[in-house]
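Accompanying notes for the structure given below.
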There are 2 protein chains.
Amino acid sequence: MAVRERDPARTRRTVLDAATRVVAEKGAGVSIDTIARAAGVSKGGLLHHFRSRDELILALAEDMLEQFAAMVHAAVDPADRAEGRLLRGYVRASFDAIRDETSPAEHVAMTAAVVNVPGVSELMRRDKQRWEEFFAADGLDLQRILVIQRATDGASIAGLYEGGHQHQELAYMRELLLAMTYASTPFADVQQPADWSWPSVSTDVE
Amino acid sequence: MAVRERDPARTRRTVLDAATRVVAEKGAGVSIDTIARAAGVSKGGLLHHFRSRDELILALAEDMLEQFAAMVHAAVDPADRAEGRLLRGYVRASFDAIRDETSPAEHVAMTAAVVNVPGVSELMRRDKQRWEEFFAADGLDLQRILVIQRATDGASIAGLYEGGHQHQELAYMRELLLAMTYASTPFADVQQPADWSWPSVSTDVE
DNA sequence: TTCAGCAAACCATTCGGTCGGCTATTAGAG
DNA sequence: CTCTAATAGCCGACCGAATGGTTTGCTGAA
């Protein structure tokens, strides 16, 4: 296949990838110029694909959520037919992302760092709902889903402040949370509010 | 008590409080000028107390960690003599901070948004270690501490993307995690790495 | 009287975004 | 299939606004 000198789709991807790297490294405050240079394009060129900085950040957040979702799906063991397989994929994908150090600040911290950009908050709310629906089809009870997913997220952030050496803690958490998806009894006897529908209904969209 | 027109300690506090509010509201990228105006002082006046923006942000992060620690201690039930009382204080303080909406982006998200400033990362590492030592004195087994603390942190971030209506989820998580501190059996049978010391030794301080 | 606390004008730099121009690519006419 | 006109992709200079930080000078406190 001939290498085209101008390939807008490829350029867009290049920019998004560079943005992921740079933002992870220097925080969400980076200038579009820095991102552009990291991607090997001019600022003008970048702004041709993303009409404003906010639009770029929004697209970046969207892209990261998508990529993470893909990682989760890829981490689901196809041979695994037991209840909780989806949740196990989530756990594996999360911890592997930290271990591989795809980025020092990976998806959780990054999205937190970017949440003030218009539109991102709404985006993440929808994403959260998608995960709810996803896990609702997993066959597990709500309690286990919530505890394990939240603990995974919490471990992800905790993994950021690493001296670089608590691999052991992360490894332990990974195995522990995976094992917890097979638990035969509830972790505690607490009844949920009677009027609580889960996953949260999306009827409150105006 | 007479109100002094010039009170450096009070001014410093005012600035820190204003910074907390403003950063929570508009993200970590706010200008020192904005913070200064929110605090009712001039930029020059602010820079008299904090020699640079980074120093201000660092002091801010330090202050937030301190405040949160104080909230945790205040949330420990003095009549509670059972094992896990410290952890229960942590859970209560975290969820109450979300509920009271002290800030839309409270301590976890905020620190994540600010982690790229020089010194903050180191600061949070030390803070994490302090919590480890704190909880190690709690009498609970490592497994419960880790799961419950991480789940609490995870729930804190999840609480940010609220449509404003999953109070029920937060309330449920709060009660659930509190109940889990009383669990009589392990959540899962996973052995920890043999060569793992916890809390992590602080000998790696150079 | 002296100095810390603070204000306000000031400065160099950087930022997000626009604009005009150049060129690779493509659609369409012949 | 070829030539051409139109367009999309991209660059780099440019602009006004905003930013972090400095300086100068005033004033209340000790």
Side-chain angles (χ1 to χ4, degrees), chain A residues 1-23 25-63 113-120, chain B residues 1-61 63 113-120:
Chain A
M1 182 166 64
V3 173
R4 293 137 54 98
E5 277 186 44
R6 290 189 179 176
D7 186 337
R10 183 171 47 124
T11 302
R12 207 188 135 93
R13 260 262 58 90
T14 305
V15 169
L16 245 23
D17 288 342
T20 304
R21 289 198 315 272
V22 173
V23 169
E25 185 179 341
K26 314 200 176 188
V30 282
S31 67
I32 52 180
D33 191 69
T34 304
I35 296 175
R37 260 201 291 272
V41 299
S42 70
K43 190 165 63 162
L46 188 153
L47 284 170
H48 175 76
H49 290 277
F50 307 92
R51 288 190 294 203
S52 72
R53 198 193 115 97
D54 281 357
E55 198 169 294
L56 167 63
I57 298 292
L58 185 61
L60 177 60
E62 207 166 352
D63 186 60
V114 121
V115 78
N116 54 317
V117 172
V120 171
Chain B
M1 180 167 65
V3 173
R4 294 137 52 99
E5 278 188 42
R6 290 191 177 178
D7 186 338
R10 184 172 44 122
T11 302
R12 207 186 133 93
R13 260 265 52 95
T14 305
V15 169
L16 244 23
D17 289 341
T20 304
R21 288 199 315 272
V22 173
V23 170
E25 184 179 342
K26 314 200 177 192
V30 282
S31 68
I32 51 180
D33 190 70
T34 303
I35 296 176
R37 259 201 293 270
V41 299
S42 70
K43 191 166 61 165
L46 189 154
L47 284 169
H48 175 75
H49 291 275
F50 307 92
R51 285 190 295 201
S52 71
R53 198 194 114 98
D54 280 359
E55 198 169 293
L56 167 62
I57 298 291
L58 185 60
L60 177 61
D63 185 61
V114 122
V115 78
N116 53 316
V117 172
V120 171

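In what follows, every chain begins at residue 1, and chains take the letters A, B, ... in the order their sequences are listed.
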Testing the basics here: between [X] and [Y], what is the closest heavy-atom pair and its distance to 0.1 Å?
X: B:I35; Y: B:V15; result: CG2-O, 4.3 Å
X: A:N116; Y: B:G27; result: ND2-CA, 3.8 Å
X: B:G119; Y: B:L58; result: C-CD1, 3.6 Å
X: A:A28; Y: A:V23; result: CA-CG1, 4.0 Å
X: A:A39; Y: A:T14; result: O-CG2, 3.6 Å

Item checked: Distance test, side-chain N/O of A:H49 to OP1/OP2 of D:dA8, below 4.0 Å ->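 Answer is no, no contact under 4.0 Å.
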Next item on the list: Go through the structure and list residues passing side-chain hydrogen bond (donor to acceptor under 3.5 Å, both in side chains) with B:R13, not counting sequence neighbours.
Entry: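 B:R13 satisfies side-chain hydrogen bond (donor to acceptor under 3.5 Å, both in side chains) with B:D17, B:D63 only.
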Margin query: Please list all pairs meeting side-chain hydrogen bond (donor to acceptor under 3.5 Å, both in side chains) that have one or both residues in residues 39-57 of chain A, counting only residues at least two apart or in different chains.
Written below: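 Of all non-adjacent pairs touching residues 39-57 of chain A, none passes side-chain hydrogen bond (donor to acceptor under 3.5 Å, both in side chains).
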Next item on the list: Find the distance between CG (B:L60) and OG1 (B:T20) and round it off to the nearest 0.5 Å.
Entry: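 If we round to the nearest 0.5 Å, B:L60:CG and B:T20:OG1 are 4.5 Å apart.
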Margin query: Just verifying a value: how many Å separate B:L56 CG and B:I32 CD1, rounded to the nearest 0.5 Å?
Written below: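 Spacing of CG (B:L56) from CD1 (B:I32) equals 8.0 Å.
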Expected rows: protein N/O vs nucleotides 1-7 of chain D N/O, under 3.5 Å:
none

Note to self: What does the B/S/- profile of nucleotides 17-30 of chain D look like, 5' to 3', with a 4.0 Å heavy-atom cutoff to protein?
What the structure shows: --SBBB----BSSS
Checklist line | side chain to side chain contact (heavy atoms under 4.5 Å, CB included) involving B:A36 - partner list, sequence neighbours excluded | finding: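 Counting only residues at least two positions away or on another chain, B:A36 forms a side chain to side chain contact (heavy atoms under 4.5 Å, CB included) with B:V41, B:L46.
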Notebook entry, point to check: What are the bounds, 5' to 3', of the part of DNA chain C that sits under 4.0 Å from heavy atoms of chain B?
Noted result: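 Range of nucleotides touched by chain B: C:dA4 to C:dA8.
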